[in-house]
Amino acid sequence: MIGKLIDHAAALLPAQGPLQTFIHHNPLHAFEDMEFTDAVAAAARLHGTEPYQSERSFHDLLRQGRVQTADIDAVVAEEVDDGGRVIIPGGPNRAVFHCERLHHWVDVPASERVPWLLAETDALTAVTPLASPGRRAALAGTNLGALWRHLAALAPQKVAEPPGVRPRDRLLATTGADADHLAHPVLIRVTAAFLDQGVAHWPMPARDHGLLAAFRALYGRRLPDQGGWDAETTIRWALGELGVAEADWAEVIQDTLLSLPGWAGMVRHLEHRPDSAPVAAPPARLADYLAVQLVLDVVAARSVAALPRRAVPEPGPDLALVYEAFVLAQVMPVAVDALADPRHAAAWLGAVAECDDRRRRRLLHLAYERRHREDVLGSLVAHQRLARPAPAPAWQAVFCLDEREESLRRHLEETDPQVATFGAAGFFGVAMRYRGHRDVRERPLCPVVVTPTKTVTEVADTRHRPTLRARWRRHLHVGSRTLGRGGLLALMLGIGHALVLVGRCLFPSVAHRVFDRSAPARNTRLVLEPEFSVTEMADVVAGITRATGLAAGFAPLVLVVGHGSTSMNNPHESAHDCGATGGGRGGPNARAFAAMANHPGVRARLRESGVDIPEGTWFVGAYHNTADDTVAYFDTDLVPAPRAADLDRARAALAAACAADAHERCRRFGSAPADLPAHRALGHVLRHSVDLSQPRPEYGHATNAVCLIGERSLTRGLFLDRRAFLVSYDRDLDPDQTLLDALLRAAGPVCAGINLEYYFSFVDPVGYGCGTKLPHNIVGLLGVMDGHASDLRTGLPWQMVEIHEPVRLLLVVRAAPRPLLDLCLRDPALARLVGNGWIRLVAWNPEDDTLHLFTDGAFDPYTPADVPLPVVTTSQAAYAGQRGPAPYAHVRSPHPAPVLDGTP
């Protein structure tokens, strides 16, 4: 029974693993069976968190035009039943009341501050400045004091929240002392020591026997004798000692684990995924953790119970509600005299109470998302009227679907119009465990839902002698472990590292060039066979080339570009890497895919299945560092001589595109001047990524909002401001929609996980995110704490999400509505996300170019409003002068001559 209760509570714990394998996921994964707006409200009640951004933030958006009156009116019309009756004589009906209320932000004080406010300000003698000039004139001479008295006479009593069922909650209510303040510091230290991955100098005693045994070994003499009980027996004893009725066990266990969800979640994660530990996972069991916590709760409760009881004040009248109703009666077209009637005053107070803070924010959020949907879909439709066919490709490039690559692809196509770009999941179908030639251990490079069975290693090419730098590294590695050379090196290297630290702080770019910059791995090769058979490699290549549409025609050169991110002093570095590779870097996957596609046996097998790669076509793997906008290329020494000029052209074009991409990114960095010249952008992003003091090396997925699955012609030349995941899909190569099915299963949950993690980390950066980076300390190579002791912080730091716009992902799929709905309902995970509104789904019917929005279990025809889409000649013209979100635009490139020298 205890085990089942633990499993039930564990579903509510964070699913985040160690930082080095940070995987974006929905923080409210346990609530996906509920409709989105109901789920965020339920989670807010359970966790004490926020479901939406603040009302004041929404009103800032309203002033900026990012939410419009038409959006509010449309949402209220859908969500509010006015009943056809006015609230009070001469006043608005419910729908009009909600519309008016959503247009006004009222700073409502707490009930305790209201008497002071009335006494110390002119609130009872002067009409509120929120009222329009005409309304203030109409209320001239009105006895506002009488209005206040009429409303205050009917003020409802505030209802005190009953304490929870945890003994700690009851003791807190009666004594004012928090038993968690006694138990949690010990629990944090013990759990951190138990899970430590080699940071601690001394290992925890009895660690190999589990957390409960290790805890008893340390504290056994100070605890009640438990006779070697197992975890379940200990839990039953502790619940009995705390006076918890068996009927309340489930709730108490749940609330106990949620009191430190980060630590409890990490224990649970390592219990089920010990392979994800940075070094080696201890024998973690959530039952052991709960037993330790409850034993500490028993000791803490006994200490707190001895304290004197305190008087609990009775809650008074809800003067905050009265104040809000008082102000709104002045703002809205209400016959104030009618409120002298107690019936009408009560009705007015009821209307104000109904449209409370949570309801207002919900409606404003829906209006905000409506404006986002109108802008995206309207721009897509308008772009089709302006788009021109792309020229025949001279070369091709396959990127990750990541929205950070949207801008790079756009700049690349502007730089060299004769390139065709494609988007695919960044592991490129190569699910593997990978060990680089400098890696200590292998790690999976594939989506987290995939368990790789193949291991790929990078080995030195025996045809090349090790470089001088490599030999020097080996001498240091070996010599530091000998007695004589080790002592001498310690002294020399200590002084050297001090100089390096000074250099990194004062001259980060110079220090990076001197100490960090290394050449790509030219003298290594990947060992693919016999781990991958020719048939398996052919299946990988066929899957990607068919799904993206690349198989419709190959150019002489095809780049396959993975991505990742490298930055200094950044615990969340892995969160900037590729989610499709499980929080790893996609360079090895791109390199492996290129090697597979170049394999003669693979090509022969592909021709048998209808995918004909011409003999003269060559694939090259590459790696894009999204932090400093550099690109490294793999195995270039194998490129055939006829393709050398093509590769030079591609490298030059991609170098120019990276410089333009860096300039577009710099506009969002406060450290970059608004008039930063384009030629200085690469230097700025490099300093950003290598500066020890920089908390914002890059913004990662911030601003993600859209995912489009379809051919590139739908979005080529459309400035999407780095907001869109772009998944290439050619329906002509997929008559039975098996490829679309696979794309939906992969892209839908992955992009939704990224989107929802950013959403929740923004709307509540403390409750769902991990707050600001400034007090963070890394603990045990697992996560971060605030200061020296806190819960293990989950979610994203504020410095990663501060520019994000929290809207649900808009998934636009180039497919007919009925077949698309069938595909979505076939997969349980996708069915939950789409059916319950965690992502908004739009079918873009290729037969007649109509749009259909999924709402209430079915697709309805959707016609977006006409959007005035600006026409510009370059992306830089689209975002020039914009620090915040830039409007979508059509880029009508003049098709310049291809760049050949790499000069930005």
Side-chain angles (χ1 to χ4, degrees), residues 35-36 74 78 366 369-385 387 401 403 406 423-425 547-549 704-716 718 720 723-752 755 807-867 888:
E35 196 275 331
F36 175 80
E78 293 175 0
L366 294 176
E369 289 191 326
R370 182 183 184 276
R371 176 48 39 198
H372 163 247
R373 183 170 64 249
E374 288 282 300
D375 287 344
V376 172
L377 299 181
S379 296
L380 286 171
V381 171
H383 176 67
Q384 304 315 302
R385 296 192 291 265
L401 58 85
E403 83 286 6
E406 178 271 323
T548 59
N704 79 85
V706 187
C707 177
L708 192 143
I709 300 178
E711 55 269 35
R712 177 58 171 159
S713 60
L714 300 174
T715 54
R716 180 164 176 150
L718 179 60
L720 289 169
R723 298 176 198 169
F725 300 99
L726 297 178
V727 186
S728 293
Y729 169 63
D730 189 337
R731 59 191 177 89
D732 293 335
L733 299 178
D734 187 29
D736 59 358
Q737 293 193 316
T738 55
L739 296 176
L740 179 58
D741 186 24
L743 288 176
L744 286 169
R745 291 170 186 262
V750 168
C751 296
N755 171 265
V807 294
R808 285 173 286 177
L809 184 75
L810 185 66
L811 177 59
V812 183
V813 184
R814 187 69 161 168
R818 184 68 251 180
L820 177 59
L821 181 58
D822 292 340
L823 291 177
C824 290
L825 296 180
R826 187 182 303 170
D827 180 65
L830 199 57
R832 289 195 302 270
L833 291 171
V834 171
N836 291 324
W838 294 87
I839 57 180
R840 306 307 306 273
L841 180 64
V842 174
W844 192 347
N845 195 338
E847 305 302 328
D848 55 11
D849 268 344
T850 55
L851 298 173
H852 303 261
L853 176 66
F854 183 82
T855 307
D856 296 330
F859 277 109
D860 293 325
Y862 188 87
T863 303
D866 288 335
V867 173
Y888 301 126

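Reckoned from all heavy atoms, side chains included, excluding hydrogens, waters and symmetry mates.
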CG (D730) and CD (E711) are apart, to the nearest 0.5 Å, by 7.0 Å

Distance-only criterion, 3.5 Å: show the donor-acceptor pairs between side-chain atoms of residues 809-816 and protein atoms not counting sequence neighbours.
unit_1 : atom_1 : unit_2 : atom_2 : d
R814   : NH1    : D849   : OD1    : 2.8
R814   : NH2    : D849   : OD1    : 3.1

Here the side chain to side chain donor-acceptor pair (under 3.5 Å) pairs for residues 855-866, sequence neighbours left out, are R373-Y862, E374-Y862

By side-chain contact (heavy atoms from CB on, under 4.5 Å), E403 pairs with (sequence neighbours left out) H701, N704, F725

Sorted by chain and residue number, the side-chain contact (heavy atoms from CB on, under 4.5 Å) partners of T548 (sequence neighbours excluded) come out as F422, A424, I544, L550, S728

Sorted by chain and residue number, the side chain to side chain donor-acceptor pair (under 3.5 Å) partners of T715 (sequence neighbours excluded) come out as R712

With sequence neighbours left out, the residues meeting side-chain contact (heavy atoms from CB on, under 4.5 Å) with V381 are R385, L851, P864

**Working for side-chain contact (heavy atoms from CB on, under 4.5 Å), residues Y888 and L380** = CA-CA 9 Å; Y888 301 126; L380 286 171; over 6 Å; no

So CZ of R723 and NE2 of H372: to nearest 0.5 Å the spacing works out to 7.5 Å

Determine whether a donor-acceptor pair (N or O, by modelled atom type, separation under 3.5 Å) exists between the side chain of D734 and the backbone of T738. yes

Between P749 and L833, the two heavy atoms sitting closest are CA-CD1, 3.8 Å

Those residues at least two apart in sequence (or on a different chain) that pass side chain to side chain donor-acceptor pair (under 3.5 Å) with E35 are T37

Quick note, ring-ring contact (aromatic ring centres under 6.0 Å, His included) partners involving residues 729-752, not counting sequence neighbours, are none

Residues pairing under side chain to side chain donor-acceptor pair (under 3.5 Å) where one sits in residues 819-829, two or more places apart or in two chains, turn out to be R745-D827, R818-D822

Here the gap from D741 atom CG to L820 atom CG, rounded to the nearest 0.5 Å, amounts to 10.5 Å

In this structure, CG of L830 is separated from CG of L823 (nearest 0.5 Å) by 9.0 Å

Hits for side chain to side chain donor-acceptor pair (under 3.5 Å) against H852, two or more places apart or cross-chain, chain-then-number order -> T850

On a heavy-atom basis, the closest approach of E406 and L718 is OE2-O, 4.0 Å

I'd like to check V842 versus V376 (side-chain heavy atoms, cut-off strictly below 4.5 Å). Are they in contact? no

Side chain to side chain donor-acceptor pair (under 3.5 Å) filter on R370, not counting sequence neighbours, yields D71

Of all heavy-atom pairs linking F36 and W838, the shortest is CD1-CE3, 3.5 Å

Tightest non-hydrogen contact, residues V867 and S379, listed as CG1-OG, 3.8 Å

Heavy-atom nearest pair, A724 first then L720, reads CB-CD1, 3.7 Å

Hits for side-chain contact (heavy atoms from CB on, under 4.5 Å) against Q384, two or more places apart or cross-chain, chain-then-number order -> L714, W844

Heavy-atom nearest pair, N755 first then V807, reads ND2-O, 3.0 Å

